[in-house]
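Have a look at the structure below before the remarks.
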Amino acid sequence: MRIATWNVNSVKQRVARLLPWLDERAPDVVCLQELKLTDDAFHRLLDADLAARGYEAAVHGQSQWNGVAILSRVGLSDVVAGLPGGPGFPDQEARLVSAVCGGITVRSVYVPNGREPDSEHYRYKLEWLEALRALVADGGPQLVCGDVNIAPTDRDVFDPAAYVGQTHVTEPERAALRRLQEAGLRDVVRERWPNERIFSYWDYRAGMFHKDLGMRIDLILASDPIADRVAATWVDRQARKGKGPSDHAPVIVDLDEAPDGDIGPVVPPPSRVAKTSRLPQAKSDPRRQGGNKSD
DNA sequence: ATGCCTGAAGGGTTCAGA
């Protein structure tokens, strides 16, 4: 089963990139963030094109900002929109949707940005993360995928000095992320590529992508029984190239079938190549791109 | 230029993003 997460920075502006990407990568489950439109607008925009590809969608949208969704072609049930008991600003924003896909509880999250350390927005971010931790700790095995707006360590930014005093790298944010992980979630991309330069976001300005000056703030976090099934992980840098990209790239994880065989994909993964991805591979193989070498 | 792009809303510009 292939799971991906992608902050699309307006799904309306990204349709022309999203649909071909679904065809090419054939993910079974996709967590989307920053839809920037309402539920109704999402369904009008995409339902037909998604259905044609076999996807159902759990959408928690919002006008103008935020908005998250889960696309699945391996079943979609038990949909919950929002973060129960979570804080608002002042009202709750559309930053979390959960569903069961292919036998796995999946959450698409868009953690608040925080804007400035010690600001109201920053405190809101920390409160939101604590509410997410409580939700995760309360649940069983699950995947938490999305834009966490935190670079877990200094390895996850192109230059720690460039971010001193800014959000995304402060110790309270990182501590909140660690507490979330201590609730039983593993950062499976970093686990697979412990020493690689891996980014998932590059500022649109100043050629940051071309120079590979980015941050890794989009994570796939998995509970033990799911993390143990990880066969391959990578950041899909191809999706950040070319005309009209999001400023984030998708992060992709392939899971082997569950050991007991009854939590498997309904649609088989496109190939078994993922199984061999720990071996050296040709540079043209996108599965190799867990490390983000410059182009 | 402490905002070098991009998107949304709404109005002929401003805010937000990380």
Side-chain angles (χ1 to χ4, degrees), chain A residues 5-18 32-42 44-46 59-69 88-96 108-126 128-129 145-174 176-177 197-219 235 237 239-251 292:
Chain A
T5 183
W6 193 4
N7 179 327
V8 291
N9 186 17
S10 173
V11 73
K12 186 177 171 187
Q13 297 302 319
R14 219 58 63 208
V15 171
R17 297 294 301 251
L18 175 63
L32 299 173
Q33 300 88 37
E34 283 210 78
L35 304 178
K36 295 188 174 179
L37 43 58
T38 62
D39 291 10
D40 285 349
F42 181 99
R44 282 196 301 272
L45 179 69
L46 281 168
V59 183
H60 185 28
Q62 179 180 329
S63 175
Q64 187 174 4
W65 307 117
N66 309 312
V68 288
F89 201 87
D91 301 319
Q92 277 217 11
E93 301 172 304
R95 295 182 175 278
L96 170 65
S108 178
V109 306
Y110 177 46
V111 175
N113 171 292
R115 299 195 190 176
E116 296 289 331
D118 300 320
S119 66
E120 258 187 309
H121 290 90
Y122 181 85
R123 288 188 287 276
Y124 168 53
K125 179 179 194 173
L126 296 178
W128 200 92
L129 284 161
C145 308
D147 178 356
V148 301
N149 270 320
I150 299 168
T153 74
D154 280 351
R155 253 179 324 177
D156 301 303
V157 299
F158 74 91
D159 179 7
Y163 291 97
V164 170
Q166 297 190 42
T167 56
H168 297 67
V169 301
T170 69
E171 183 48 33
E173 291 166 273
R174 287 175 167 172
L177 181 59
R197 178 183 177 96
I198 310 172
F199 302 137
S200 63
Y201 160 86
W202 301 260
D203 197 299
Y204 282 124
R205 292 164 288 177
M208 297 288 271
F209 176 70
H210 224 60
K211 294 181 257 184
D212 196 25
L213 304 179
M215 312 174 81
R216 190 175 71 96
I217 56 177
D218 300 272
L219 306 183
V235 173
R237 285 178 49 88
R240 182 63 177 78
K241 299 179 181 177
K243 183 176 163 57
S246 169
D247 44 1
H248 296 250
V251 182
N292 286 272

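Sequence lines set the chain letters: A, B, ... in the order given, protein chains first and strands last, and positions in each chain run from 1.
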Q. Is the phosphate of dG7(B), meaning OP1 or OP2, less than 4.0 Å from a side-chain N or O of Asn9(A)?
A. no

Q) If you find the nucleotide of DNA chain B closest to Ile217(A) and the one closest to Val11(A), which residue's nucleotide is nearer the 5' end? A) Val11(A)

Q.
Can you identify which nucleotide, out of dC4(B), dA18(B), dA8(B), has its nearest atom closest to the Glu34(A) side chain?
A. dA18(B)

Q: Check whether any side-chain N or O of Arg237(A) sits under 3.5 Å from a backbone N or O of Ala249(A) as a donor-acceptor pair, and report yes or no.
A: no

Q. With a non-hydrogen cut-off below 4.0 angstrom, is Ser246(A) in contact with a base, only sugar-phosphate, or nothing?
A. nothing

Q) Which ones in residues 89-96 of chain A lie close to DNA chain B, meaning a heavy atom under 4.0 Å from one of its atoms? A) none

(Q) With a 4.0 Å cutoff (strictly under), does any side-chain N or O of Arg115(A) reach OP1 or OP2 of dG17(B)? (A) yes

**Q.** Residue Ser63(A), side-chain heavy atoms: nucleotide from dA9(B), dG7(B), dG17(B) that is nearest
**A.** dA9(B)

Q | Side chain Arg216(A), main chain Ser200(A), donor-acceptor under 3.5 Å | A | no

Q) Under 4.0 angstrom, heavy atoms only, what part of the nucleic acid is Thr167(A) near: base, sugar-phosphate, or nothing? A) nothing

Q. dA18(B) base to Asp203(A) side chain: any donor-acceptor pair below 3.5 Å?
A. no

Q) Reckon His248(A) touches a base, only the sugar-phosphate, or nothing at all at heavy-atom distances under 4.0 Å? A) sugar-phosphate

Q | Rounded distance in Å between the C1' positions of dG10(B) and dT14(B) | A | 10 Å

Q. Which one of Trp128(A), Tyr124(A), Tyr122(A) satisfies the ring pair (Phe, Tyr, Trp, His ring centres under 6.0 Å) criterion with Phe89(A)?
A. Tyr124(A)

Q. Under 4.0 Å between a side-chain N or O of Arg205(A) and OP1 or OP2 of dT6(B)?
A. no

Q) Could you state the OH-C1' distance from Tyr204(A) to dA16(B), rounded to the nearest angstrom? A) 13 Å

(Q) Whole angstroms only, please: what is the CD1-P distance between Ile150(A) and dG17(B)? (A) 15 Å

Q | Distance in angstrom units between Asn66(A) CG and dA16(B) P, rounded | A | 12 Å

Q) Does any N or O in the side chain of Tyr204(A) come within less than 3.5 Å of the main-chain N or O of Asp247(A), such that one atom is a donor and the other an acceptor? A) yes

(Q) Just the rounded figure in Å: distance from C1' of dA16(B) to OH of Tyr201(A). (A) 11 Å

Q) Once you round it to whole Å, what is the distance between P of dT6(B) and NZ of Lys12(A)? A) 18 Å

Q. Roughly, in whole Å, what's the span from OH in Tyr124(A) to P in dA16(B)?
A. 14 Å

Q. Under 3.5 Å, is there a donor-acceptor pair between the side chain of Arg240(A) and the main chain of Trp202(A)?
A. yes

**Q.** Atom pair distance, as rounded to whole Å: CD in Gln166(A) and C1' in dA18(B)
**A.** 8 Å

**Q.** Interatomic distance where NZ belongs to Lys36(A) and P belongs to dG10(B) [whole Å]
**A.** 15 Å

Q.
Base, sugar-phosphate or nothing for Met208(A)? Non-hydrogen atoms, less than 4.0 Å.
A. nothing

Q: Go through the steps for Tyr163(A) and Met215(A) under the test side-chain contact (heavy atoms from CB on, under 4.5 Å), then give the verdict.
A: CA-CA 10 Å; Tyr163(A) 291 97; Met215(A) 312 174 81; 3.2 Å; yes

Q.
Between Asp154(A) and Arg174(A) (salt bridge meaning N to carboxylate O under 4.0 Å), is one present in this structure?
A. yes

Q) What nucleotide among dT6(B), dC15(B), dA18(B) has an atom nearest to a side-chain atom of Asn7(A)? A) dA18(B)

Q) Is there a side-chain polar atom (N or O) of Arg14(A) under 4.0 Å from OP1 or OP2 of dT6(B)? A) no

Q. Hey, does the side chain of Thr5(A) reach the backbone of Val251(A) with a donor-acceptor pair shorter than 3.5 angstrom?
A. no

Q: Look at all strands and tell whether Asp247(A) reaches a base, only sugar-phosphate, or nothing, counting heavy atoms closer than 4.0 Å.
A: nothing

Q) Expressed as a whole number of Å, how far does the P atom of dG12(B) sit from that of dT2(B)? A) 23 Å

Q.
Using only atom types and a distance under 3.5 Å, with no angle test, would you say the side chain of Ser10(A) pairs donor to acceptor with the backbone of Lys36(A)?
A. no

Q.
Nearest to the side chain of Met215(A), heavy atoms from C-beta on, is which of dA18(B), dA8(B), dT6(B)?
A. dA18(B)

Q | Between dG11(B) and dA1(B) - C1' atom distance, rounded Å | A | 25 Å

Q) Which whole number of Å gives the distance between the P atom of dC15(B) and that of dC4(B)? A) 14 Å

Q. Can you tell me if the side-chain N/O atoms of Tyr110(A) get under 4.0 Å from OP1 or OP2 in dA16(B)?
A. no

Q.
Donor-acceptor pair, distance only, cut-off 3.5 Å: does the side chain of Lys211(A) make one with the backbone of Ala206(A)?
A. yes

Q) If you check the Gln64(A) side chain, which of dA18(B), dG7(B), dA9(B) turns out closest? A) dA9(B)

Q.
Assuming nearest nucleotide by heavy-atom distance, tell me which of His121(A) and Pro245(A) is located more 5' along DNA chain B.
A. Pro245(A)

Q) Of the nucleotides dA18(B), dG7(B), dC4(B), which has the atom closest to the Ser10(A) side chain? A) dG7(B)

Q) From the list dG7(B), dC4(B), dA18(B), which nucleotide is the closest neighbour of the side chain of His168(A)? A) dA18(B)

Q | Selected nucleotide, minimal atom distance to Asn149(A) side chain, candidates dG7(B), dA18(B), dG17(B) | A | dA18(B)

